[in-house]
Amino acid sequence: MEYSQKTKALGITLLELLSEALGLKSFHLKEIDFAEDHKLYCHYYPPCPEPELAIGVPKHTDRNFITILLQDQIGGLQVLYENQWIGVPPIHGALIVFVGDFLELATNDKFISVPHRVLANQQGPKVSVTCVFNAPSQTAEGAPRLYAPIKELLSDGNPSIYREITYEDYLSHRLQNGVDGNSPLLRPGMLI
Ligand SMILES: O=C(O)CCC(=O)C(=O)O
Ligand SMILES: [Fe+2]
């Protein structure tokens, strides 16, 4: 409970800093409901006798605004950087922050949602905790919530590259991707 409250507060601070980094007022991302739907998930990875034949979590991008991840000392998290899987070594007390697909969309690709995966491991069990800031599918009035790049970030030199979409549109593109793990934002139906 306390961890949940602290990570929520950290997430809000991050949203303020990210807003400023984008040249927006510090409350901008928070005010467009980025901090509204906050959840905590615990992952348990049992030790795997043949890790080369298995995967902990397959390649994916996160379907939210941001993820704050706490990993233990076992390791196995990798990010895809320039077509190579790079290990993210565990550092005691450190948190990892992922930009999710909806922040990539909102910032018109200024911030990129990086594909990542978790390898299976002979050691273990491994545990991790993720705190996610989700993109609500509906408005407070119950209408489908629309997502598009933030207008203040767009200009003639930086036109919107994404269509206005609902969370349902996003999910259906994500499901069409099957198991390739690529961001649904790369699909033609998302791009203008
Ligand atoms: O457990 C981990 O290290 C990462 C989990 C993850 O990528 C996720 O929950 O989206
Ligand atoms: Fe993830």
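Counting starts at 1 for both ligands and their atoms, following the listed order.
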Tabulate distances under 3.5 Å between N/O atoms of ligand 1 and N/O atoms of the protein, writing both atom names on each line.
residue: ligand 1; atom: 1 (O); partner: Y45; partner atom: OH; Å: 2.5
residue: ligand 1; atom: 1 (O); partner: S128; partner atom: OG; Å: 2.6
residue: ligand 1; atom: 7 (O); partner: H60; partner atom: NE2; Å: 3.1
residue: ligand 1; atom: 7 (O); partner: H116; partner atom: NE2; Å: 3.1
residue: ligand 1; atom: 9 (O); partner: H43; partner atom: NE2; Å: 3.1
residue: ligand 1; atom: 10 (O); partner: H60; partner atom: NE2; Å: 3.1
residue: ligand 1; atom: 10 (O); partner: D62; partner atom: OD1; Å: 3.1

Side chain to side chain contact (heavy atoms under 4.5 Å, CB included) filter on K39, not counting sequence neighbours, yields D37, Y41, V132, N134

Using the salt bridge (Lys or Arg N to Asp or Glu O under 4.0 Å) rule, take R163 and D169 through it: C-alpha gap first, then chi angles, then the decisive distance, then the call.
CA-CA 10 Å; R163 291 177 200 285; D169 294 332; over 6 Å; no

**Request:** Check whether any side-chain heavy atom of K110 lies under 4.5 Å from a side-chain heavy atom of L22, and answer yes or no.
**Result:** yes

Protein N/O/S atoms closer than 2.8 Å to the Fe ion (ligand 2) number 3

To the nearest 0.5 Å, atom NE2 of H173 lies from atom CG of D101 at 12.5 Å

Review point. Under the side-chain contact (heavy atoms from CB on, under 4.5 Å) criterion, do T130 and D62 qualify, and how do the steps go?
Key: CA-CA 11 Å; T130 49; D62 287 351; over 6 Å; no

The side chain to side chain contact (heavy atoms under 4.5 Å, CB included) partner of I150 among L105, N108, I32 is I32

TODO: Would you please classify the geometry between the Y167 ring and the F102 ring as parallel, tilted or perpendicular, with 30° and 60° separating the classes?
DONE: parallel

The complete set of salt bridge (Lys or Arg N to Asp or Glu O under 4.0 Å) pairs with one or both residues in residues 122-144, sequence neighbours excluded, reads none

- Go through H60 and H116 one step at a time and tell me if the side-chain contact (heavy atoms from CB on, under 4.5 Å) criterion holds. CA-CA 6 Å; H60 67 283; H116 51 282; 3.1 Å; yes

